[in-house]
Protein chains: 2
Amino acid sequence: MTETNDTVECNDSKINDSSANDEDIVNPWDVRSSSAAGVDYDKLIKRFGSSKLDADLLERFQKVTGKPVHHLLKRGIFFSHRDLNVILDRHEKRQPFFLYTGRGPSSESMHLGHLIPFILTKWLQETFDVPLIIQLTDDEKFLWKDLSIEEANRLAYENAKDIIACGFDESKTFIFSDIDYIGQSSDFYKVICRIQKSVTFNQARGIFGFSDTDCIGKISFPAIQAATSFSASFPFIFNKRSDIPCLIPCAIDQDPYFRMTRDVAPRLNYQKPALIHSTFIPSLQGAQTKMSGSDPNSSIYLTDTAKQIKTKINKYAFSGGGDSVEEHKLKGGNCEIDVSYQYLKYFLEDDKRLSEIYRTYTSGELLTGHLKKELIDLVQVIVENHQKKRKEVSDDVVKRFMTPRKLNFSF
Amino acid sequence: MTETNDTVECNDSKINDSSANDEDIVNPWDVRSSSAAGVDYDKLIKRFGSSKLDADLLERFQKVTGKPVHHLLKRGIFFSHRDLNVILDRHEKRQPFFLYTGRGPSSESMHLGHLIPFILTKWLQETFDVPLIIQLTDDEKFLWKDLSIEEANRLAYENAKDIIACGFDESKTFIFSDIDYIGQSSDFYKVICRIQKSVTFNQARGIFGFSDTDCIGKISFPAIQAATSFSASFPFIFNKRSDIPCLIPCAIDQDPYFRMTRDVAPRLNYQKPALIHSTFIPSLQGAQTKMSGSDPNSSIYLTDTAKQIKTKINKYAFSGGGDSVEEHKLKGGNCEIDVSYQYLKYFLEDDKRLSEIYRTYTSGELLTGHLKKELIDLVQVIVENHQKKRKEVSDDVVKRFMTPRKLNFSF
């Protein structure tokens, strides 16, 4: 998984269908838009061939789970899906499924944007009460970046602490590093081999834009991210059943992996994974690029101090407000391009407060400084809480989460 | 390893440098010559850039080991090498090295030709007293052939019995199936990843002739056969040392794998493997093709009965004798193209008897029927002995050979 993108070496690897001139670039290694409002997600749904996560489906979601939907769903931050209805059908019929998400561990400290899939995944796990599998693609990061394999593996364990700090239920969650789990399970390797036999170089190039100068590790890697979608990779959880599908919450740049996965699944007698796709959290500088771990000024890290958070938001967060107080009061602010407002949309749970902010900022009543203050206060609390919880995650807890074992379900 | 060749799917995969019109075709998936005397091995040495295993080097071999060289060396059946002198230097200085050979388990019953590398390897192990690692590339066979992964894995264990029956010392030999060992050791996977990061698709295509329609598993597989060359893949044997090189006895069709391996080794701070290359045992029909597991009439299997052996040799073994007894007595026989004589060169240890046969068959004194009789008697004994020894190899013995463990050496 490469939810962040900070890859330099891969500029020659472009997803074929994303390189047209006027189109946003969205692939696992690069996300860019020429529009200040960021990626045109409606266009992306068409281009990727996914489906809009619309009001009807959200209503059904609410009905099936008997619970108001999470604000990340309601506010369209998760905006697209594949086969979510199939998963809801299964939940209604009490048929099993599991959740799968992941992270490419390329840096010591994760940033705010990295939390998004984990926040929703935690809520989904609580809502559906299903097993959760989290893949840390340390082998991918080794292949794509200037990292030693030991360092990539170490980062997987560091990032696991941040993920565990999100509050996942240990008895229902298996977290693994590719490097370690491949060395622990022939079952996983067998599934990887089956996928690798089913995808030609031509197909991989078509999906991921690989070039002839890419290393052979990159070319075969997608099978490893795909393999986690299949319950046959985790016999200790699923009792060797290969008929249990998963739901994958992820940022939409990961979709190419799972288009490939869904394509090979029927040929291998495996279940197609379902997906829900999120938008990208904008960089502090604006929605043309997403928050990136490799640019400190674009990101708020989970290791930042309260002071750093305040400085970064005040100094860098792109404002949709007027150039002067007078102009702002006269013309109002533009929430669509205002990064502080956008971040509140991701993290402020209180709907009423959010719409009040929207209304008063749009009218010009609420000034940029006050809007930023609102965000700073919220992010300081989120990050401080995260840091506190992360400290409580001992190496022993990490080891327990990352040990292949039966989870608290019977299949 | 694909010491045999019986691959159908790979006809589109040709080694670049072997597709010239008048040249023999020699690559891991195909061996063919238009000459009745078979592949021109001197030309092959030039084309592959290896070195001739000449009289001087054999003399040094004998001096360093204090032991007459094996008939497979003396008779030029192992005819080519890379860095054998480096290995002899190490032996002289009492510096460690190990032996590595392997097999692609694509069929239940191995044939006579499959024994060749194992016969020499056993002798080398006894002569040098070094650890031996034998790789069974069941993942390769799954990728290249119409086999399920379970079947390929099962064949690895069946073939392991035949290999163990050759008489290897359990305390000094580790046999593994790729599928199983990858699932047992992150160390092996880490070495594989390092190699996969160091080889581009372009390079792999140049060496192996992969095409765009080959599956991504085939494209990344060479790293797995390469990884076994490096002691870092076996920390339980070599105590995590990565400075111990290996000597690989193999048929020369496997050389492309190890050219790639030798190319990446210095970049990864690993030792280049040394090699000694054998010729191909001819098919019963003649030296234009090698003995192939997929053509029952071309091969003598290790499971054949005495009667089958007799029938096959009498019926199919291509004769270099005269068309009639009169002509044979007048003109003599041609040992160079006579398959029975060639097989005796591989398997008849008695030098004196072999040269007598050569002399009398060439002069016309020894008739084809008698030559064949000599071979039938010998092969019947070899195969019967092998079958007896194989029966004694229990599943438990196989398991012991195939368990990652310390061997009887200290590094």
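All values below were derived from every heavy atom in this structure, side-chain atoms included, with hydrogens, water molecules and symmetry-related copies excluded. Chain A is the first sequence line, chain B the second, and so forth, proteins listed ahead of strands; every chain is numbered from 1.
For B:Gln203, no part lies under 4.5 angstrom from a heavy atom of chain A. Looking at B:Ile219, both its backbone and its side chain come within 4.5 Å of chain A, counting heavy atoms on both sides. In this structure, the portions of B:Ser220 lying under 4.5 Å from any heavy atom of chain A include both its backbone and its side chain.
Between atom CD1 of residue A:Ile179 and atom CG of residue B:Asp187 there is a gap of 11.0 Å, rounded to the nearest 0.5 Å. Rounding to the nearest 0.5 angstrom, the gap separating the CD1 atom in A:Ile182 from the SG atom in B:Cys193 is 6.5 Å. Taking CD1 from B:Ile216 and CD1 from A:Ile216, the interatomic distance works out to 11.5 Å, rounded to the nearest 0.5 Å. Between the CG atom of A:Asn153 and the NZ atom of B:Lys190 there is a distance of 5.5 Å, given to the nearest 0.5 Å.
The two residues B:Thr200 and A:Asp212 have their closest heavy-atom pair at CB-O, 3.9 Å.
Between B:Phe201 and A:Asp214, the closest side-chain pair of non-hydrogen atoms is not below 4.5 Å. Two residues are said to be in side-chain contact when any heavy atoms from C-beta on lie closer than 4.5 Å; A:Phe221 and B:Gln196 fail this criterion.
Between A:Lys197 and B:Glu140 there is no salt bridge, since no side-chain N of the basic residue sits under 4.0 Å from a carboxylate O of the acidic one.
A:Asp178 and B:Tyr189 share no donor-acceptor pair across their side chains, judged by distance under 3.5 Å alone.
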